[in-house]
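This chain uses plain numbering: 1 for the first residue, then up along the sequence. As the structure lists them, so they are numbered: ligands from 1, and atoms in each ligand from 1. Every heavy atom of this structure was used, including side-chain atoms; hydrogens, water molecules and symmetry mates were not.
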Amino acid sequence: MAAPGENLKINGSRLWDSIMEMAKIGPGIAGGNNRQTLTDDDAAGRALFQSWCEAAGMTMGVDQIGNMFAYREGTDPDALPVYAGSHLDTQPTGGKYDGVLGVLGALEAVRSMNDLGIKTKHPIVVVNWTNEEGTRFAPAMLASGVFAGKHELDWAFDRVDAEGKKFGDELERIGWKGEEEVGARKIHALFELHIEQGPILEAEGIDIGVVTHGQGLRWIECTVTGKESHTGSTPMPMRLNAGRGLARITELVHEIAMKHQPNSVGAIGHIDVYPNSRNIIPGKVVFTVDFRSHVQDIIDAMLEEFYARAPGLCEEIGVSLETEIVGSFDPPAFDENCVSAVRAAAERLGYSHIDIVSGAGHDACWINDVAPTSMVMCPCVDGLSHNEAEDISPEWAEAGANVLFHAVLETAEIVE
Ligand code: HGY
Ligand code: MN
Ligand code: MN
């Protein structure tokens with residue numbers, strides 16, 4: 001396949017303007033975004049994205065779980081499309097770039113193909129995956145997981161948020177439940193551009209991360225049950241404080257993850273305390289343990305130790321522990337040809353680049369199980385993400401989108 005000329009570039013200021021425009025939808029309270037999945041803000045962001053895709057001459061397809069697929073013709077309609085995209089949903093205190101850079105970077109690649117009069121043999125599809133974040137409806141990467149055959153569609157529809165609203169009902173309510181069968185589409189290759197969400201690229205002054213692997217993940221939902229009682233009148237020896245169970249398990253998770261440095265992480269981010277009253281001893285605490293590593297044996301060792309020790313820590317203080325796995329995928333190794341296309345693009349365009357393991361989970365991690373897939377990463381300021389202060393430079397965005405553009409063009413095969 002002929003490689004694209006290094007003179008072929010995207011329009012960085014148009015990309016930046018589109019990111020800033022999208023950021024106006026579902027604004028946060030501190031400069032970032034709160035555009036959570038299946039909210040009215042998500043619906044508004046989807047509508048804006050669709051209008052841009054149609055203005056770029058693409059036709060939109062939507063599947064039964066709301067995944068959006070904007071299609072650009074290729075010269076060979078029988079050739080499987082090359083896909084590029086990410087997610088438009090954000091964390092409740094999310095940044096403007098997590099996911100959005102990947103969706104709009106892919107749209108910018110198509111806009112630039114139009115400007116440059118480029119035809120490709122393979123069609124191009126720009127993707128917005130539903131509910132990548134998994135913060136309102138667990139697990140993360142839910143819709144790409146259904147697409148890849150990891151979850152049943154009905155199971156996904158039955159997921160509920162903190163208010164007891166069902167995923168399927170909310171998808172219907174915002175009007176983004178499509179007709180297409182989920183997972184019926186066949187993919188020639190998929191590329192996802194994403195901010196690193198870690199400190200390595202910026203700290204080492206590197207423009208591009210060539211993502212070879214991702215971390216595997218286990219989300220363990222824990223329910224610690226004690227007994228609600230008066231914080232003033234209940235004698236200390238009689239207390240069955242579920243909050244102490246949370247405290248002990250929080251420390252246990254940290255201790256286990258620290259044992260496998262530098263290849264492991266562990267924390268508890270989601271915590272619901274019941275009844276959450278200032279003068280009632282917590283009777284129940286529900287929380288999610290997040291263990292990750294790119295080494296399968298380490299994931300297994302962390303879980304083994306957790307299940308061996310956590311119940312005893314609760315029994316010692318008279319409270320009970322129930323656990324349920326609510327998110328799980330093993331460490332992905334991305335497709336070598338797709339990884340090479342990303343590395344060659346960075347090289348051709350004169351960007352500094354290193355091979356890197358993704359610390360965060362991404363839709364590409366699931367799609368990698370059903371099609372050749374890889375990722376392009378750009379730096380982010382202080383490695384900060386899942387925080388409204390998440391920040392990148394226009395130059396980083398442009399470099400990442402140029403590499404994505406070239407990887408897609410090389411794989412989709414330019415037709416002279
Ligand atoms: O949890 C993750 O790694 C992703 O950001 N949803
Ligand atoms: Mn993301
Ligand atoms: Mn995220």
| Of the N, O or S atoms in H87, the one nearest the Mn ion (ligand 2) | NE2
| Below 3.5 angstrom, do we get any N/O pair linking A360 and ligand 1? | no
| field | H362 and ligand 1 - part of the residue with a heavy-atom distance under 4.0 Å | value | neither
| remark: Quick note on ligand 1: atoms under 4.0 Å from a heavy atom of E133 include exactly 5 (O), 6 (N)
| Region of Q91 engaging ligand 1 - heavy atom pairs below 4.0 Å | neither
| field | Qualifying side chain to side chain donor-acceptor pair (under 3.5 Å) pairs with a residue from residues 368-380, counting only residues at least two apart or across chains | value | K150-D369
| query | Is it true that D115 and K9 have a side-chain N and a carboxylate O under 4.0 angstrom from each other? | reply | no
| note | Closest to atom 1 (O) of ligand 1 among protein heavy atoms sits R292 NH2, 2.9 Å
| salt_bridge(E305, R309) N-O dist < 4.0 Å | yes
| task | Check all N, O or S atoms of H194 and name the one closest to the Mn ion (ligand 2). | result | NE2
| task | Please find the N/O/S atom of D98 nearest to the Mn ion (ligand 2) and write down its name. | result | OD1
| request: Quick one: report the N, O or S atom of E133 that is nearest to the Mn ion (ligand 3). | output: OE2
| query | Are any of the N or O atoms of D98 closer than 3.5 Å to those of ligand 1? | reply | no
| message | Could you check whether K96 pairs with E388 (Lys NZ or Arg NE/NH1/NH2 to Asp/Glu carboxylate O, under 4.0 Å)? | response | no
| Is any N or O atom of E132, backbone or side chain, closer than 3.5 Å to an N or O atom of ligand 1? | yes
| ligand 1 atoms in contact with H386 (distance to a heavy atom under 4.0 Å) | 5 (O)
| field | R136 bridged to E170 by N-O distance under 4.0 Å | value | yes
| request: Report the residue from T59, V62, N128, D63 that forms a side chain to side chain contact (heavy atoms under 4.5 Å, CB included) with F69. | output: D63
| query | So, K119 and E73, do they make that salt bridge, N to O below 4.0 Å? | reply | no
| task | Could you check whether the rings of W366 and H151 sit parallel, tilted or perpendicular, using 30° and 60° as the cut-offs? | result | perpendicular
